[in-house]
Undergrad: 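What follows is a structure written as structure tokens; I'll ask about it next.
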Amino acid sequence: MEAEIPKVYAPEAIEPRWARAWIEEKLYRPADDDAPGRPNFCLTIPPPNITGVLHMGHMLEHTEIDILMRWHRMRGENVLWLPGTDHAAIATQMIVERELGREALAKRSGLAEQVEDGGPQSKAAWQREGQRVRLAMGREAFIERCWKWKEENGGTIRRQMERLGASVDWTRDRFTMDAAYTRAVVEVFVRLYEKGLIYRGQYIVNWCPDCGTAVSDLEVIHEDRPGHLWYIRYPFVDGSGYVTVATTRPETMLGDTAVAVNPADERYRDAVGRNVVVPLVDRVVPVIADDFVDPKFGTGAVKVTPAHDPNDYAIAERHHLPRVTVIDEHARMTGDAGEAYCGLDRFKAREKVVHDLTQRGLLERTESYALSVGTCQRSKTVVEPLLSTQWFLKMQPLAEPAIRVVEDGRVRIVPENYKKIYLDWMYRIHDWCISRQLWWGHRIPVWTCDSCGEIIVARETPSGCPKCGDVAGASLRPETDTLDTWFSSGLWPFATLGWPEETLDLKRFYPDDLMIMGFDILFFWGARMIMLGLEFMHEVPFRELYIHALVRDAERQKMSKTKGNVLDPLEVTEKYGTDAVRFALAISAAPGTDIAFSEEKVDSYRAFANKIWNAGRFILMNLRKLPEPMKDQLAAGLEPAAGLGFDAVAAPERLALADRWIFSRLLTVTREMNEALANFRFHEAAYTIYHFFWHEFCDWYVEWVKPEITKTAEEDGPSLRSGQALSAAPDDKAPAAWLNLTRVFEAALHLLHPFMPFITEELWHQLPHAERRPSISLQSFSLVSDRVSDPVAEREFQTLQELIVAARNAKAEMGLQTQRPSAQVACEKPHDLELFRIHQETILRLAGLEALNFTSERPAAGTPDLRHVSASTDLRLFHEAKIDHHAERQRSERDKEKIEKALASAKAQLENRAFLSRAPRDVVRGVEHRHAELSEQYRKVVEALRRLGSGE
RNA sequence: GGGCGGUUAGCUCAGUCGGUUAGAGCGUCUGCCUUACAAGCAGAAGGUCAUCCGUUCGAGCCGGAUACCGCCCACCA
């Protein structure tokens with residue numbers, strides 16, 4: 001006797017085992033060669049950062065991808081889901097620096113390894129210290145340290161993905177700093193440079209003083225913060241009054257080289273061309289006229305600080321103004337800011353400037369003002385616009401083809417509203433600052449010759465300067481900057497497949513059929529992949545781009561550490577099982593709508609997993625009792641190769657009604673799921689199978705066939721070979737009820753598998769298969785053929801369901817739930833009446849009735865305890881319990897009201913000539929039918945009320 | 001300053017082509033430990049589809065306006 005199957009599903013006992021097995025068997029490595037009629041389907045993972053810990057967003061993304069990958073695989077496609085990680089330049093460098101700083105501080109303070117985490121302040125201190133340590137240890141050692149960190153911590157993501165059951169091909173795991181990948185990055189840089197698309201220049205860039213690097217526009221997050229507008233007087237040199245300017249950043253005035261007004265502004269007509277003195281630094285600067293200035297804002301006069309504001313920089317260009325840098329890369333004031341301010345932090349300097357101006361009587365007034373400040377995405381520090389020499393990529397020429405492919409649908413973006421957002425951004429694209437003053441990352445492949453100043457861009461370290469002939473290469477100074485992380489990830493779809501080599505993988509799997517990402521990286525990554533894919537592969541990087549939703553908490557708040565509302569996927573997974581979490585995410589994932597996620601939700605889908613488990617338990621426990629020959633027959637019946645499958649259903653008369661019904665429903669469900677998944681409607685597909693499995697398969701089908709199943713299992717071998725259960729079997733040997741139940745169950749497991757891979761794999765393996773096959777995930781998604789469609793069976797089964805539900809209902813309403821009353825079915829339709837007769841036993845059992853009698857004559861309206869079942873059918877319960885006239889009357893009153901309302905609206909429609917002439921015929925017929933039915937119901941309820949009223 | 005989205009049951013959300021009586025999960029209430037499952041089963045209650053106007057024979061759905069909430073983009077000091 002085998003061990004008892006546990007009553008409660010315990011995912012922790014099953015999931016890790018399968019996760020391991022899938023990897024060990026390299027189950028998700030695609031076939032090495034192409035077969036005719038078997039398309040390849042490829043998706044390259046959005047590479048998580050090595051610093052990342054999997055959060056709910058990843059879990060959603062990976063769940064959605066995995067569902068689709070498994071679905072495609074089960075539809076017979078050769079699927080490659082290529083995994084990998086991103087080196088995450090800034091993030092990794094910051095973490096390693098912080099670690100170094102913490103160690104150093106611990107050592108210095110003599111506390112050995114123990115420096116307490118005192119919150120953000122200590123983190124900032126560690127960071128600063130770490131930067132010092134980094135500079136002291138040097139580039140090589142620091143990078144080595146980063147690699148070490150990656151070796152030790154970079155595996156987190158992989159472990160989490162394994163736990164999730166992500167069906168990736170780990171044999172193709174990639175990292176953006178792999179040697180081969182780095183070659184691709186260098187190749188791309190060199191080619192873009194040679195094409196004239198990469199240039200170096202001095203411009204105002206977003207500078208993060210904490211990260212010590214320039215960042216791109218996209219990495220700056222604008223926030224509205226309360227601030228002030230200070231009105232400052234700039235006296236004319238000749239002492240004849242002053243011009244008042246308004247500014248939100250008074251400290252930058254130390255770098256002013258002009259005051260600008262609008263040329264059309266009458267107020268300043270005379271001022272233009274005269275000179276004013278910049279207070280505190282006593283610099284003499286001109287008043288100039290420029291269209292940029294909005295006369296309606298502030299005083300209509302604006303201070304011009306070319307080195308610290310992009311607009312002012314542009315003005316300075318137009319007017320040939322000098323640029324004075326007063327803030328350095330550490331956000332401290334420079335010597336040019338004047339002795340009094342030199343070395344001060346920019347915010348301290350602001351206070352002092354305001355103070356000093358007040359003392360000199362030059363601060364006219366101060367207003368409250370909400371200003372938008374740019375902060376660094378990574379460090380949250382206020383970004384400083386700084387004049388700096390950086391490398392840029394020209395975007396216009398790359399953007400044009402990338403616009404075209406989205407406009408013409410060669411890249412289909414779903415949901416479609418993101419298409420417009422993408423295009424709007426692309427139309428207004430700016431050049432991209434691709435250089436970073438970081439050490440961890442791809443070093444820009446450029447050398448400068450100190451002898452002649454020549455700039456050499458090359459794939460390999462040059463041996464000498466080609467211009468001045470410095471053969472030894474001694475005077476060649478390598479570029480110290482590295483590339484923006486997103487530059488390298490922009491090559492992801494082709495670099496991971498071996499580009500620039502013409503590999504077989506590249507040929508077979510580029511472009512991706514699908515890409516899935518969050519909206520937050522559409523521009524960072526999605527747009528750049530499209531541009532670079534087109535540039536280097538002359539083909540889009542992916543044909544479809546699905547933008548998934550954001551996972552929020554139960555109150556629809558963004559999950560964030562500071563709010564403390566973060567749900568750790570691993571924790572939730574441990575608690576409820578991976579399948580439950582996956583299903584909870586999938587059934588919540590309606591395209592374009594953020595997901596309100598909570599443990600409660602997961603809990604309810606854990607219940608679903610338990611339900612599946614117990615359905616399996618029921619089947620498997622009974623199955624064990626079957627005699628061996630029958631098990632073999634069953635196994636043969638489940639074997640698709642046996643030529644049975646569901647095509648055996650070709651002779652519907654050999655199936656019971658319930659079988660025909662469930663097969664037909666199964667077909668509909670399969671079709672609906674295919675349709676939903678093809679359109680990323682995960683919630684719909686998940687709900688469809690959920691409802692089918694629980695409320696059709698379990699609640700109706702299993703309950704319906706239960707006696708045959710348990711009876712067959714309990715009886716002995718020979719007697720199994722007789723009776724109805726056997727004769728309907730396709731091969732006249734295996735009991736049909738068993739075969740069909742097992743088949744439907746198996747088919748349902750297949751449909752569930754993309755959503756709940758673990759429990760389905762486990763149960764599927766326990767079914768009696770004749771041949772050993774490695775995994776349900778390599779089986780067909782759909783086992784049903786189109787031939788099982790059976791509208792007649794669906795209609796008949798529904799008729800039976802209606803009667804059973806009506807009987808249960810009546811029992812509950814009459815307080816007879818604990819009893820088994822007898823009942824009479826009155827039905828005008830001979831066909832239905834016959835149906836009821838045939839299934840009498842089942843009706844009695846499922847409705848909880850003692851006996852049934854049948855009549856074709858409808859009872860008089862108003863007969864007590866009469867229940868309306870359908871237009872043609874009524875039901876009467878016979879019972880001893882006293883009728884609660886009051887309750888009955890109340891119920892009837894409620895019914896009457898409802899019917900009256902519906903009747904009135906149907907009547908109004910039918911009296912509306914416009915409706916009759918313009919509405920489609922079947923709609924009109926529907927209303928007519930409904931009207932007739934309602935009238936009949938109305939008559940009955942009125943009669944019932946009359947009787948109840950007088951019967952007391 | 002532009003652009004986008006949302007408002008449906010106590011809560012969280014579905015609702016594709018405009019068509020009969022607007023659905024689900026959770027929660028609530030009633031009755032059941034019925035030999036797969038109490039993480040279950042059988043029932044019930046609960047809605048002016050934010051508001052107004054329009055289009056239409058017919059509107060939760062289409063158009064317009066309003067209110068509230070949210071998001072994205074943008075170099076207005």
Side-chain angles (χ1 to χ4, degrees), chain A residues 5 7-9 204 217 222 229 245-249 252 260 292-294 296-299 301-305 309-314 369 371-372 374 385 417-418 420-421 424-425 428 430 519-520 523 550 554-556 587-588 590 592-598 600-601 603-622 675-676 679 681 683-684 687 690-691 698-699 702-703 706 710 805 808-809 811-813 815-818 845-848 898-899 901-902 905-906 909 912-920 922-924 926-931 934:
Chain A
I5 301 170
K7 245 181 167 178
V8 174
Y9 175 53
I204 297 257
D217 293 346
H222 292 271
L229 204 51
V245 302
T247 181
T248 56
R249 302 194 53 197
T252 62
F292 167 78
V293 181
D294 176 3
K296 290 191 285 294
F297 188 90
T299 60
V302 59
K303 58 193 266 324
V304 180
T305 321
D309 183 286
N311 292 311
D312 293 3
Y313 181 85
Y369 185 75
L371 69 154
S372 155
N417 58 312
Y418 291 111
K420 193 172 173 289
I421 297 174
D424 283 349
W425 188 76
R428 294 170 306 152
H430 288 72
F519 171 69
D520 53 339
F523 305 135
L550 241 56
E555 276 76 47
R556 313 205 99 246
I587 206 164
S588 314
T593 315
D594 286 348
I595 294 170
F597 194 74
S598 63
E600 277 173 25
K601 225 167 203 173
D603 198 29
S604 64
Y605 297 106
R606 170 175 66 165
F608 181 45
N610 196 53
K611 186 74 184 178
I612 298 167
W613 181 255
N614 275 289
R617 184 169 178 264
F618 170 72
I619 292 169
L620 294 169
M621 276 186 352
N622 282 296
E675 174 74 17
N679 293 293
R681 305 178 69 85
H683 66 301
E684 220 172 68
Y687 179 74
Y690 173 92
H691 187 268
C698 289
D699 289 352
V702 173
E703 292 305 325
K706 202 176 247 179
T710 48
V805 168
R808 287 168 174 169
N809 217 319
K811 272 182 68 182
E813 275 169 4
L816 302 174
Q817 277 143 320
T818 50
R845 180 166 54 86
L846 296 183
K898 270 190 206 158
I899 295 164
K901 235 171 149 181
S905 94
Q909 266 185 302
N912 184 340
R913 279 172 54 202
F915 171 73
L916 295 175
S917 61
R918 297 211 189 180
D922 55 328
V923 172
V924 176
V927 177
E928 280 168 355
H929 181 75
R930 188 170 151 250
H931 183 262
L934 286 166

Undergrad: I'd like the C1' distance from B:G15 over to B:C53, given in whole Å.
TA: 25 Å

Undergrad: Do side-chain atoms of A:K303 reach the backbone of A:T247 as a donor and acceptor pair under 3.5 angstrom?
TA: no

Undergrad: Output the single nucleotide from B:G25, B:U12, B:C73 whose closest atom is nearest the side chain of A:Y605.
TA: B:G25

Undergrad: Rounding to the closest angstrom, what is the interatomic distance between B:G63 and B:U56 at atom C1'?
TA: 12 Å

Undergrad: Suppose we call a contact any N or O donor and acceptor under 3.5 Å apart; does that hold for the side chain of A:E703 and the base of B:A36?
TA: yes

Undergrad: What is the distance from CZ of A:F608 to P of B:C26, rounded to the nearest Å?
TA: 12 Å

Undergrad: For a quick check of understanding: with a heavy-atom distance under 4.0 Å over all strands, which category does A:R606 fall into, base, sugar-phosphate or nothing?
TA: base

Undergrad: Return the value, rounded to whole Å, for the distance between atom CD of A:Q817 and atom P of B:G31.
TA: 8 Å

Undergrad: Heavy atoms from C-beta onward define the side chain here; which of B:A44, B:U30, B:A36 lies closest to that of A:R617?
TA: B:A36

Undergrad: Would you say the side chain of A:V245 lies within less than 4.5 Å of the side chain of A:V302, judging by non-hydrogen atoms?
TA: no

Undergrad: Rounding to the closest angstrom, what is the interatomic distance between B:A9 and B:A22 at atom P?
TA: 14 Å

Undergrad: Write down the distance between CG (A:N809) and C1' (B:C32), rounded to a whole number of angstrom.
TA: 16 Å

Undergrad: Between A:N610 and A:Y9, is there a donor-acceptor pair closer than 3.5 Å when you use the side chain of the first and the backbone of the second?
TA: yes

Undergrad: Rounded to whole angstrom, note down the P distance from B:A77 over to B:U12.
TA: 37 Å

Undergrad: For the C1' atoms, the ones on B:G60 and on B:U20, what distance do you get once it is rounded to whole angstrom?
TA: 16 Å

Undergrad: Measure the distance from CG on A:L816 to P on B:C32 and round it to the nearest whole Å.
TA: 13 Å

Undergrad: So what does A:N912 hit on the nucleic acid, given a heavy-atom distance under 4.0 Å: a base, only sugar-phosphate, or nothing?
TA: sugar-phosphate

Undergrad: So A:A246, base contact, sugar-phosphate only, or nothing? Heavy-atom distance under 4.0 Å.
TA: base

Undergrad: Could you check whether A:R913 gets within reach of a base, just the sugar-phosphate, or nothing at all, counting any heavy atom under 4.0 Å?
TA: nothing

Undergrad: Of the listed nucleotides (B:C4, B:C41, B:A39), which one gets closest to any side-chain atom of A:K611?
TA: B:C41

Undergrad: Just checking A:V805: base, sugar-phosphate only, or nothing, at a heavy-atom cut-off of under 4.0 Å?
TA: sugar-phosphate

Undergrad: If you only use heavy atoms from C-beta on, which nucleotide in B:A36, B:A74, B:G43 is closest to the side chain of A:R808?
TA: B:G43

Undergrad: Round to a whole Å and report the spacing from CZ of A:F618 to C1' of B:U34.
TA: 13 Å

Undergrad: Which sits closer to the 5' end of RNA chain B, A:D424 or A:F523, going by the nucleotide each is nearest to?
TA: A:D424

Undergrad: With rounding to whole Å, what would you report as the distance between B:C49 and B:A59 at their C1' atoms?
TA: 11 Å

Undergrad: Tell me what A:Y687 touches on the nucleic acid: a base, only sugar-phosphate, or nothing, going by heavy atoms under 4.0 Å.
TA: sugar-phosphate

Undergrad: B:C37 phosphate, OP1 or OP2: any side-chain N/O from A:K7 under 4.0 angstrom?
TA: yes

Undergrad: Is the shortest distance from a Lys or Arg side-chain nitrogen in A:K420 or A:D424 to a carboxylate oxygen in the other one below 4.0 Å?
TA: yes

Undergrad: Please determine, for the side chain of A:R930, which listed nucleotide (B:A42, B:A36, B:U20) has the closest atom?
TA: B:U20

Undergrad: May I ask you to test the A:L620-A:I5 pair for a side-chain heavy-atom distance under 4.5 Å?
TA: yes

Undergrad: Please check if the side chain of A:R845 supplies one atom and the backbone of A:E703 the other of a donor-acceptor pair under 3.5 Å.
TA: yes

Undergrad: Touch check for A:P385, heavy atoms < 4.0 angstrom, all strands: base, sugar-phosphate only, or nothing?
TA: nothing

Undergrad: Would a 4.5 Å heavy-atom cut-off, applied to side chains only, mark A:V924 and A:L916 as touching?
TA: yes

Undergrad: Would you classify A:K811 as touching base, sugar-phosphate or nothing, given that sugar-phosphate means primed atoms plus P, OP1 and OP2, and contacts are heavy atoms under 4.0 Å?
TA: nothing

Undergrad: Which nucleotide in the list B:A74, B:G19, B:A39 gets nearest to the side chain of A:Q909?
TA: B:G19

Undergrad: If you assign each of A:I587 and A:N417 to its closest nucleotide in RNA chain B, which residue comes earlier from the 5' end?
TA: A:N417

Undergrad: Within the structure shown, what part of the strands sits under 4.0 Å from A:V927 by heavy-atom distance: base, sugar-phosphate, or nothing?
TA: nothing

Undergrad: Record whether the side chain of A:E684 comes under 3.5 Å of the base of B:U16 through a donor-acceptor pair of N or O atoms.
TA: yes

Undergrad: Taking atom C1' of B:U35 as reference, at what distance in whole Å does atom CG of A:N622 sit?
TA: 9 Å

Undergrad: What interatomic distance, in whole Å, is found between C1' of B:A67 and the corresponding atom of B:U55?
TA: 23 Å

Undergrad: Using the side-chain heavy atoms of A:A812, tell me which of these nucleotides is nearest: B:G15, B:U20, B:G43.
TA: B:G43

Undergrad: Are there over 12 heavy-atom neighbours, none belonging to A:E600, within less than 6.0 Å of that residue's CD?
TA: no

Undergrad: Of all the choices, B:A77, B:A42, B:A39, which nucleotide is nearest to the side chain of A:D699 once you look at every atom?
TA: B:A42

Undergrad: Using atom CG of A:N614 as one end and atom C1' of B:A38 as the other, report the distance to the nearest whole Å.
TA: 11 Å

Undergrad: Quick one: stems involving RNA chain B, counted as three or more successive Watson-Crick or G-U pairs, both distances short of 3.5 Å.
TA: B:1-7 with B:67-73, B:10-13 with B:23-26, B:28-32 with B:40-44, B:50-54 with B:62-66

Undergrad: Would you kindly give the CG-to-P distance between A:N610 and B:A38, to the nearest whole Å?
TA: 8 Å

Undergrad: Considering every strand and a 4.0 Å limit on heavy-atom distances, what is the contact class for A:Y418: base, sugar-phosphate, or nothing?
TA: nothing

Undergrad: Quantified in whole Å, what is the P atom distance between nucleotide B:C71 and nucleotide B:U30?
TA: 42 Å

Undergrad: Can you find a heavy atom in the side chain of A:N912 that is under 4.5 Å from one in the side chain of A:Q909?
TA: no

Undergrad: From C-beta outward on A:F519, which listed nucleotide comes closest to its side chain: B:A39, B:C72, B:U16?
TA: B:C72

Undergrad: Enter syn or anti for the glycosidic conformation of B:C53, syn applying to angles within 90° of 0.
TA: anti

Undergrad: Taking only the side-chain heavy atoms of A:V302 (C-beta and beyond), determine which of B:C73, B:G31, B:A77 contains the nearest atom.
TA: B:A77

Undergrad: Does the Lys NZ or Arg CZ of A:K706 fall within the cation-pi geometry relative to A:F618 - under 6.0 Å from the ring centre and within 45° of the axis?
TA: yes

Undergrad: Return the orientation label for the A:F523 and A:W425 ring planes: parallel under 30°, perpendicular over 60°, tilted otherwise.
TA: parallel

